[in-house]
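Encoded as structure tokens, the structure appears first; notes follow it.
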Amino acid sequence: MSKETNTSHPHRYALSVLVADRVGIMRDITAALMELNADIDGISQTVVASYFTIIATISTSTKMDTEVIRSAIESKFHPDEASVVVRPYRAPGNPQRQGRRKPYVVTMIGENQSGLLAAVTAFLCEKKINIEDWYVQFAGSMVTHIGEITVPDKLDIRQVQDELEQALASFGLQSRIQHQNIFRATNEIGPIRALLAETSHD
Amino acid sequence: MINQSDILSTVRMIQEENLDVRTVTMGINISGCIDRDIGRAADAVGALIRAKAGNLVRICDEIANDYGVTVVNKRLAVSPVSMFLEGGCKPADALVLARAMDASARDVNVDLIGGFSAMVPKGITEGERILIESLPEVLSETERVCSSLNVGTTKAGINVDAVLLAGRTIKRIAEATASRQGFGAAKLVVFANIPEDSPFMAGAYLGAGEPGCVINVGVSGPGVVKRAVDRLTESNPESSLGEIAEEVKHTAYRVTRAGELVGRQVADRLGVAFGVVDVSLAPTPRVGDSVGEIYQAMGIESLGAPGTTAAVALLNDAVKKGGAFASSSVGGLSGAFIPVMEDHALSEAVAAGTLTVEKLEAMTAVCSVGLDMVLLPGDTPATVLSGIILDEAAIGVMTRKTTAVRIIPVPGKSMGEYVDFGGLFGSGTVTNVTCPHGSDRFVSRGGHIPAPIQSLTN
């Protein structure tokens with residue numbers, strides 16, 4: 001799940017927690033934050049192969065030491081059960097300086113081979129394509145990668161598609177980069193006109 | 001994050017199941033080009049087409065790349081050309097206009113251009129008669145020009161004189177293109193209740209009530225629907241017909257949405273109006289892209305067997321329902337086509353003799369169009385062709401639906417012989433009506449079959 005709102009307090013922090021999944025983890029983390037009078041204003045949580053992970057941003061009315069926040073959360077777990085990281089929040093750079101970006105989805109389906117993800121991510125990085133989310137699914141010797149990416153507006157998507165295919169030729173798998181609207185259009189309910197209006201500024 | 005299984009199912013539809021946009025068709029109103037000097041009119045039509053459609057193919061290709069969805073055909077549809085031929089024109093003038101259309105369509109790199117058409121449900125004007133009589137020459141001497149005639153409507157009844165003329169003209173077109181096995185006849189469709197916004201060829205034209213320039217999109221996807229039915233019946237071999245209809249409806253929804261997305265983007269980029277998405281299961285000769293295969297997946301092992309018409313009805317209705325929920329802009333023909341030559345499963349059934357002309361006719365009562373791409377012996381009399389058109393028109397007029405006839409009497413060929421047009425037009429075996437004689441007196445009476453009582457709706 002992922003949700004972000006405006007901050008309710010002036011002092012903001014980013015935190016992450018990694019812990020073997022069990023019932024009650026969210027309860028423990030939110031209890032610790034409540035005791036600190038902190039508000040959660042952004043959150044993304046998932047479970048991968050029985051490991052729970054959360055990234056959240058929180059805000060507080062008074063400035064706090066990050067170690068205080070970390071200890072408060074860690075105290076809710078058994079010793080060595082959880083890895084907790086807390087950092088002062090750093091606002092992203094000016095989006096206008098990064099240029100306009102468009103949302104695409106990259107999919108790769110084929111035989112699982114070592115080095116595949118390294119090759120793909122190196123290619124995307126070289127093109128200044130940002131990975132927003134990545135998902136991998138294994139089925140026997142086959143693997144499916146799905147990545148949500150944002151592509152700089154100035155790139156020719158046809159050329160990027162061709163170059164990705166070349167970069168992955170030695171792995172012998174099928175790869176595609178498609179604008180996310182094709183997936184939203186074929187799976188969501190709601191007028192196409194509204195979808196296009198919503199994404200015309202992407 | 002978009003749901004991963006949704007992403008994968010869309011990728012599968014595109015990559016493995018032949019989901020594509022079958023056609024993006026630009027409608028252009030050319031009535032402003034009418035001129036007493038036919039050469040000047042032809043120049044104006046050519047210039048207008050080049051101006052409006054010059055970027056159509058490039059933009060379609062760019063958007064297709066962006067979404068990873070193929071746009072198979074890019075086409076044009078213009079206002080009925082017959083209105084250019086009123087007031088003392090000759091068949092040679094019709095050819096001048098057709099050549100201008102052909103040349104401009106080639107220049108903007110589209111596959112076909114429709115609208116060399118005449119709307120004659122109640123009467124035939126001088127210009128409309130000239131257009132029809134010019135068709136053998138026009139369709140044999142141009143490459144991309146397609147023609148359509150509307151010989152009946154529920155409101156007007158059936159113009160039997162026009163049907164007789166159409167039968168004779170189909171014979172002449174086939175003979176004029178005898179060196180190509182009568183291929184010219186595949187570029188003429190004779191309709192009842194012709195839609196004014198269909199993007200599919202050969203019957204596309206731009207109706208009088210349409211915008212001056214408009215993008216209409218035809219989506220297909222028989223392969224996607226067939227695989228959806230396969231998956232359902234593999235997971236539950238006892239699936240009921242209701243469950244199959246539900247599955248088809250959901251699949252049609254997704255197919256329609258992909259088409260509208262592409263169509264609206266093309267229209268936006270070109271700065272013209274978006275018209276309709278025509279959600280029609282239009283097959284191609286490729287295996288895996290067949291409407292006949294869907295009926296087989298439902299359980300009709302031998303196409304033409306009792307139950308086939310019900311299977312067509314189920315499919316046609318479910319496609320319409322899925323499309324109607326997906327978009328407020330569904331129009332054109334929307335349903336399931338049964339073009340015999342363009343569908344390998346239907347073509348094989350005709351060759352095997354299980355699917356007859358008469359059974360196809362019954363199926364057209366519940367499919368979205370009519371008797372389509374059927375090969376007949378070259379010596380079939382014109383009155384028999386007219387009788388076939390009359391029967392189809394009667395079904396359409398009485399049931400308030402579109403019906404159409406695209407039949408090819410192949411010169412020099414007899415029943416059972418094989419004919420291959422190549423490409424999307426496909427191949428097939430010459431068949432025949434079970435009773436080719438005995439209705440000449442009825443058909444030849446001509447005149448007008450009055451509009452049915454259903455027309456009195458006010």
Side-chain angles (χ1 to χ4, degrees), chain A residues 1-3 44-46 102-110 131-137 139 142 144-149 151 153 155-162 164-165 173-197 199-200 202, chain B residues 1-17 19-21 58 61-71 217 219 221 224 228 250-269 273-274 276-277 279 322-323 325-330:
Chain A
M1 60 181 170
S2 176
K3 185 165 174 59
S44 175
Q45 179 261 312
T46 191
K102 289 182 177 174
Y104 284 80
V105 174
V106 57
T107 51
M108 295 175 296
I109 302 168
I131 297 171
E132 309 285 337
D133 217 331
W134 201 270
Y135 172 80
V136 187
Q137 179 181 297
M142 302 298 283
T144 301
H145 288 262
I146 300 171
E148 286 192 42
I149 55 178
V151 178
D153 204 13
L155 287 184
D156 176 347
I157 199 69
R158 176 69 187 265
Q159 197 178 334
V160 173
Q161 288 163 340
D162 290 346
L164 176 64
E165 232 166 76
L173 44 67
Q174 294 178 317
S175 66
R176 282 184 162 234
I177 298 179
Q178 295 162 272
H179 195 285
Q180 73 162 26
N181 277 358
I182 189 66
F183 302 104
R184 294 188 60 188
T186 50
N187 292 289
E188 291 179 3
I189 294 172
I192 294 292
R193 217 189 315 236
L195 173 63
L196 289 172
T199 55
S200 65
D202 289 332
Chain B
M1 173 119 188
I2 308 165
N3 184 295
Q4 295 97 18
S5 64
D6 289 345
I7 289 175
L8 290 178
S9 71
T10 300
V11 168
R12 186 183 60 218
M13 284 165 67
I14 295 168
Q15 248 173 293
E16 298 169 20
E17 300 169 2
L19 171 67
D20 54 41
V21 173
R58 178 179 61 79
D61 288 344
E62 284 175 8
I63 289 167
N65 265 330
D66 217 28
Y67 292 132
V69 177
T70 306
V71 176
V217 172
V219 290
V224 182
H250 283 273
T251 307
Y253 173 86
R254 303 181 72 195
V255 171
T256 307
R257 304 266 298 174
E260 185 179 350
L261 179 69
V262 170
R264 283 197 183 277
Q265 287 275 75
V266 172
D268 283 352
R269 292 273 303 274
F274 176 71
V276 300
V277 50
V279 49
F325 182 53
S327 169
S328 299
S329 303
V330 169

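Within every chain, numbering begins at 1; the chains are lettered A, B, ... in the order of the sequence lines, protein sequences first and strands thereafter.
- Only the side chain of B/Ser9 has a heavy atom closer than 4.5 Å to any heavy atom of chain A.
- The closest donor-acceptor contact from the side chain of A/Arg176 to the backbone of B/Gly68 lies under 3.5 Å.
- Side-chain atoms of B/Val11 and A/Gln174, non-hydrogen and from C-beta on, never get closer than 4.5 Å to each other.
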Take B/Ile14 and A/Gln178, measure what side-chain contact (heavy atoms from CB on, under 4.5 Å) needs, and give me the verdict at the end.
CA-CA 11 Å; B/Ile14 295 168; A/Gln178 295 162 272; 3.4 Å; yes
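- When the candidates B/Val262, B/Leu8, B/Leu19 are compared by the number of heavy-atom contacts under 4.5 Å with chain A, B/Leu8 comes out ahead.
- The shortest side-chain heavy-atom distance between B/Asp6 and A/Phe183 does not fall under the 4.5 Å cut-off.
- Chain B forms the most heavy-atom pairs under 4.5 Å with one residue out of A/Ile189, A/Val105, A/Leu195, and that residue is A/Ile189.
- Of the atoms belonging to A/Ile109, it is side-chain heavy atoms, and not backbone ones, that fall under 4.5 Å from chain B.
- The distance from atom CD of A/Glu188 to atom CG of B/Asn3, rounded to the nearest 0.5 Å, is 10.5 Å.
- Looking at B/Val255, there are no atoms closer than 4.5 Å to chain A (heavy atoms on both sides), in backbone or side chain.
- Contact between B/Arg254 and A/Asn187 at its shortest, heavy atoms only, is NH2-OD1, 2.9 Å.
- Only the side chain of A/Gln137 comes within contact range of chain B, with heavy atoms under 4.5 Å apart.
- Here CD1 of B/Ile7 is found 9.5 Å from OG1 of A/Thr186. Values are rounded to the nearest 0.5 Å.
- Pairing each heavy atom of B/Leu261 with each of A/Asn181, the nearest pair is CD2-O, 3.6 Å.
- Rounding to the nearest 0.5 Å gives a distance of 12.5 Å between CD of B/Gln4 and OG1 of A/Thr107.
- A/Arg193 places no side-chain N or O within 3.5 Å of a backbone atom of B/Arg264 that could act as its donor or acceptor partner.
- For A/Asp156, there are no salt bridge (charged side-chain N to carboxylate O under 4.0 Å, His left out) partners at least two apart in sequence or on another chain.
- A 6.0 Å sphere centred on CZ of B/Arg12 holds more than 12 heavy atoms belonging to other residues, nucleotides or ligands.
- Taking all atoms of both residues into account, the shortest heavy-atom contact from B/Asn65 to A/Gln161 is O-NE2, 3.1 Å.
- Contact annotation for B/Phe274: neither backbone nor side-chain heavy atoms come within less than 4.5 Å of a heavy atom of chain A.
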